[in-house]
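Only heavy atoms go into these numbers, but all of them, side chains included; no hydrogens, no water, no symmetry mates. Proteins come first, then strands; the chains are lettered A, B, ... in the order of their sequence lines, and each starts at number 1.
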Amino acid sequence: MSNTQTPNTENNAHTDSSTQGSSTQDNSSQDKTYQPGNIEQPLYQHWESQGYFAPQGSGDPYSIMIPPPNVTGYLHMGHGFQESIMDALIRYQRMRGKNTLWQVGTDHAGIATQMVVERLLAEEGTDRHALGREKFIERIWEWKEHSGGHITKQLRRLGASPDWSRERFTMDDGFYKAVQEVFIRLYEDGLIYRGKRLVNWDPKLKTAVSDLEVLNKESDGHLWHFRYPLTDGSGHLVVATTRPETMLGDTAVAVHPEDERYQDLIGKTITLPIVGREIPIIADDYVDKEFGTGCVKITPAHDFNDYEMGQRHNLPMINILDDTAHLNDNVPEAYRGLERFAARKQIVADFEALELLEKIEPHKLKVPYGDRSGVVIEPYLTDQWYVKTQPLADKAIAAVEGGDIEFVPKQYENMYFAWMRDIQDWCISRQLWWGHRIPAWYDNDGKVYVGRTEEEIREKHGLADDITLRQDNDVLDTWFSSGLWTFGTLGWPEQTEMLKTFHPSSVLVTGFDIIFFWVARMIMLTLHFQKDVPFHTVYVHGLVRDSQGQKMSKSKGNVLDPIDLIDGIDLETLVKKRTSGMMVPHLREKIEKQTRKEFPDGISGYGTDALRYTFYSLASTGRDINFDVGRIEGFRNFCNKIWNAANFVLSNCENEDCGQDGSNHYELSLADRWIIGRLQHAETDVEQAFNTYRFDLASQAIQQFFWDEFCAWYLELSKPVLTGDDYTAEQKRGTRRTLVRVLETALRLAHPLMPFITEELWQKVKTLAGTSGDTIMYTEYPQADSSKIDDNAIADMEWLKEVITAVRNLRGEMKIPPGKKLPALMKNADDTATRRIEENRAFLIKLANLETLQWQEDSEEPLSAKALVGEMEVLIPMAGLIDVDAELARLQKESDKLEKEIKRLEGKLNNPKFVDKAPVEVVNKEKEKLADYQYSLKTLANQKSKIAALR
RNA sequence: GGGUGGUUAGCUCAGUUGGGAGAGCGACGGCCUUACAAGCCGUAGGUCACAGGUUCGACCCCUGUACCACCCA
């Protein structure tokens, strides 16, 4: 192996410009320790101002569409995790020469945004109704301009590199038009209809909400047993219900068709108490015989299951509530206007008075709450717009089955299929003011017209001017618009160049919790309109939790703010932050106590790179990501390590000849060849990890290479060459060359994961390493070159490491201070060992901190501490210094270990079944091991008796 | 009730076609060795949840059980 390690910068198309813009070009003032606060923001501002994040214009396209964060939102750990992953992918592909687009933007978040502004209005003593729809929407836009999109500013703190110049908002004109267009075309294709169905109704916000906005909480309720008298007077049956008030809307009682208890009741009727309505007793196998009494009251207008049953049996649907969940005019007069929970009490009391209350049992049940409003969600019968999903779902299933879209990890495909195969029509209308208004108009007869504008509709349908049309008041579900995100952001319905180039996107990075709500819908809508998939791969990551695996939530007080981890926060501010808005005093105290205990000194600022690296190290295939602050500190230390390693390299190479003149006037040492080979292995590992979305393995491979190999061994090995007098100029040049080039390459290798520190340091080493360019962002990503792997060098070096470790062990065991230089004797070396020792004396002496290194003839062996490296013995003469007991104990421990292994191996090798059936290589390997162990044991036994003789 | 994922060192987690159990953090002992004390050197610590099975051989494959988490009903 000769002059190797070329970072291939000559192939790099991006780095030819000679203009230099980095704001941190001052090579002379490297901080003594890593100070992320001093480098990150200036670098980011520089990158952004130079337009580095935009597509490069050449290379194969690679694109990622950000899952648009809520415009009212603030960055949380989940965002931090997700954005870090996207940024790593984008930076990696950008460095691999791809034409990359990271499309960024925010979501208008109908309910959340409307609520934020309504709260502001409330503070001013007014509300949206007083303001009127138009003015209210103006206020929202004003709010959005001044306070919205806070999260995109925070995204910059993470070092994210999306193309900010293309930032989109789902309510922007272009996107608005695309949403409208999609609605109209789906309507024209017969895939959108208006219908009266049960929806999740939020009686506080007075709108339909999606399943995602409903949280089912387990709570302690009751099971009330009511007697319903048979109409023919022959007795009564008993129904059990968790919601007594809905009995006012009952239109049947159901039993299981095979329930012997009730066979004679089927077909009869009961007369509903209080109401006086005669309703049938029907048979349906949905009924659970074991639950309650086996008789179920059926309220089709107020329960999803009952609704289904009502459909099957053509039952009337009686809606008993108004849109604020008060009883309406369909109930007896005495109950009208009662709030639903007051009505419950009243009904129970009245049943009791009528002696129709059989009993009350405690019962655990799931109660649906609106996650925005906090009130109990009501299944409610209303007119809404629906998307007919079945035809769309069939194609969406086929796209995944056929491999056009791939989920990573694979098992999420099952989750996707399960949901898709059981899909319901999708309610897309919302009774809000903020959102994409439904492009439908009604005439006075209630006839509906769908079109782009009122004018277009009048023209198309030949409607005279005297016919008044009014537009539908509702807006579309936010998920409807975000379903168009991949192509809507690229200019659709225009077939723009951007759309042609970057669609389908390469990968979607998202959490498994929104596979149904967003991923599935994007796939359906994109297949329909773009006749293509929205993305080829869905990388599904876990959810970030606290170190105990608890979900981070304000009420638990365990929330970590990514920005606090970057910048640091003092204890008092942190406590205030975590307890602010906490109304319940004991909760407040608990959180304060727990925070003071967990962070007695607050949180120190670890910097973005350390935070990102922590995320990557946790990004394995699991579903939960438990974020332990201890980890981030470790990675901050890793950053510091990189910083100081660079400092070492710079101080030894600046103003020196580092062999970058293109000539061959340098010579590589064993250590040089070793580290170059190890670098290739690291590059392979990292590439493999990126290809499989295993960021944890990528981060581990880089850290292991940089810290355990480059820093712990190679930098130490370079010292004797750099400072020793026995080395030629060619040798020194070779080592300096290797130092800077390996460092430069390692920085590029790590850049997608830790963008700031790598850029900062790369600017300082690039010239020394014989490369150039404006930014590390556009350098070429390191690719392994197997011709640079010198297997012999690696074998030699690994063996030498063992020798050095053996001496260090002895030193540690003998409690000899690391500073004291030791004489060492080597004995029983074969030719290879002899060569390795002789060729690398200087390395051994330096790293094992030896005074002398000599060969020992068998005859006159001095009293020594002894270790084995293969068959070679490493001796540290210890005359008079040996702690006999300690040394004997150590040797005994070693022997015990060996004996145990020998016993195991002998048993294995004496088993004819093993010897006969196992592959020869495996058997031979075991035999060799046995022989080695036996030899070692013998050597140790000798040593033991020698030491024992000292007693 | 159905489904999915998980159970490996004190903690957080790796373990790639079954062939001598790993990392980081923490613990313990020793070092301010001229890049780095945010560091260096060394040590200890695991019946791989449990019970069966397949196999010469199982953390790994199969069956069952327990517990945890999530999804659906």
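Checking A:Thr735 against A:Asp672 by side-chain atom types alone, a donor-acceptor pair falls below 3.5 Å. Counting only N and O atoms by type, the side chains of A:Asn637 and A:Tyr34 include no donor and acceptor under 3.5 Å apart. A side-chain donor from one of A:Asp896 and A:Gln892 sits under 3.5 Å from a side-chain acceptor of the other. Side chains of A:Ser620 and A:Arg694: no donor on one and acceptor on the other come within 3.5 Å. A:Gln82 and A:Ser84 are not linked by any side-chain donor-acceptor pair at a separation below 3.5 angstrom, with hydrogens and angles left out of the test. Side-chain N/O atoms of A:Asp696 and A:Tyr616 include no donor and acceptor closer than 3.5 Å.
Spacing between B:A69 and B:C13 at atom P, rounded to whole Å, works out to 14 Å. Here, B:G52 and B:G46 have their P atoms 23 Å apart, quoted to the whole Å. Taking atom P on both nucleotides, B:A9 is separated from B:U47 by 9 Å, rounded to a whole Å. Taking atom P in both B:G22 and B:C59, the straight-line distance is 14 Å, to the nearest Å. Annotation: B:C40 and B:U34 have their P atoms spaced 14 Å apart (nearest Å). Taking the C1' atom of each, B:C71 and B:U55 are spaced 37 Å apart, rounded to whole Å. Remark: the separation of the P atoms in B:U16 and B:C68 is 28 Å, to the nearest Å. B:A23 and B:G45 have their P atoms separated by 14 Å, with the value rounded to a whole Å.
You'll find the side chain of A:Phe627 reaches within 4.5 Å of the side chain of A:Leu560, heavy atoms only.
Distance, A:Leu697 CG to B:C13 C1': 11 Å, rounded to whole Å. As rounded to whole Å, 13 Å separates atom P of B:G6 from atom CE of A:Met415. Atom P of nucleotide B:G57 and atom CG of A:Asn910 are separated by 16 Å, given to the nearest angstrom. If you take CD of A:Glu413 and P of B:U4, they are 15 Å apart, rounded to a whole angstrom. When rounded to the nearest whole Å, the span between CZ of A:Phe627 and P of B:C11 equals 20 Å. Atom CD of A:Gln704 is separated from atom P of B:G22 by 13 Å (rounded to the nearest Å). Note: NZ (A:Lys925) to C1' (B:G57) measures 13 Å, nearest angstrom. To the nearest angstrom, C1' of B:C41 lies 13 Å from CG of A:Leu822.
Here B:A14 is the nucleotide among B:A35, B:A14, B:G24 with the atom lying nearest to any side-chain atom of A:Asp696. With B:G15, B:C13, B:G19 as the candidates, the nucleotide lying closest to the side chain of A:Ser620 is B:C13. Across B:A35, B:G19, B:U12, the shortest atom-to-atom separation from the side chain of A:Leu618 is found for B:U12. Checked against B:A35, B:C56, B:C36, the side chain of A:Asn640 finds its nearest nucleotide in B:C36. Here B:G24 is the nucleotide among B:C36, B:G24, B:C56 with the atom lying nearest to any side-chain atom of A:Arg631. Comparing B:G24, B:G42, B:C56 against the side chain of A:Thr805 picks out B:G42 as the nearest. When the nucleotides B:C56, B:A35, B:A44 are ranked by their closest atom to the side chain of A:Asn647, B:A35 comes out on top. Side-chain atoms of A:Tyr34 lie closest to B:A38 of the nucleotides B:A38, B:A14, B:U43. Between B:C56, B:A14, B:U12, one nucleotide has an atom nearer to the side chain of A:Asn911 than all others, and that is B:C56.
The nucleotide B:C50 finds its pairing partner in B:G64, both defining distances of the Watson-Crick or G-U wobble pair being shorter than 3.5 Å. In this entry B:A38 has no Watson-Crick or G-U wobble partner, no candidate having both defining distances under 3.5 Å. In this entry B:A69 has B:U4 as its Watson-Crick or G-U wobble partner, both defining distances falling under 3.5 Å. Taking a pair to require two hydrogen-bonding distances under 3.5 Å in either a Watson-Crick or a G-U wobble arrangement, B:G19 pairs with B:C56. Nucleotide B:G24 forms a pair with B:C11, judged by Watson-Crick or G-U wobble geometry with both contacts under 3.5 Å.
With the nearest nucleotide of RNA chain B identified for both A:Pro36 and A:Asp628, A:Asp628 has the one nearer the 5' end. Projected onto RNA chain B by closest heavy-atom contact, A:Ile625 and A:Asn305 fall at different nucleotides, the more 5' of which corresponds to A:Ile625.
Using a 4.0 Å heavy-atom distance criterion, A:Pro919 is classed as a base contact. Nucleic acid contact class of A:Arg694 (heavy atoms, under 4.0 Å, all strands): sugar-phosphate only. When heavy atoms are screened at a 4.0 angstrom cut-off, A:Arg636 is found touching base atoms of the nucleic acid. Counting non-hydrogen atoms under 4.0 angstrom, A:Glu633 reaches nothing in the nucleic acid. If you check every strand for non-hydrogen atoms under 4.0 Å, A:Asn414 touches nothing.
Residue A:Asn809 places at least one side-chain N or O closer than 4.0 Å to OP1 or OP2 of B:U43. Using a 4.0 Å cut-off, some side-chain N or O of A:Asn637 falls inside it from OP1 or OP2 of B:G39. Residue A:Lys641 places at least one side-chain N or O under 4.0 Å from the OP1 or OP2 atom of B:C40. Residue A:Lys893 has a polar side-chain atom (N or O) positioned under 4.0 Å from OP1 or OP2 of B:A44. Close to B:C56, at under 4.0 Å from its OP1 or OP2, lies a side-chain N or O of A:Lys917.
Ring to ring, A:Phe407 and A:Tyr412 are not that close: their centroids are 6.0 angstrom or more apart. For A:Phe638 and A:Tyr613, the ring centers are positioned less than 6.0 Å apart.
Closest approach of A:Trp479 to A:Ser210, counting heavy atoms only: NE1-OG, 4.1 Å.
Ring geometry, A:Tyr539 versus A:His541: the interplanar angle falls from 30° to 60°, so the pair is classed tilted.
Residues from residues 710-719 of chain A lying near RNA chain B, meaning a heavy-atom separation below 4.0 Å, are A:Cys711, A:Leu715, A:Glu716, A:Lys719 in numerical order.
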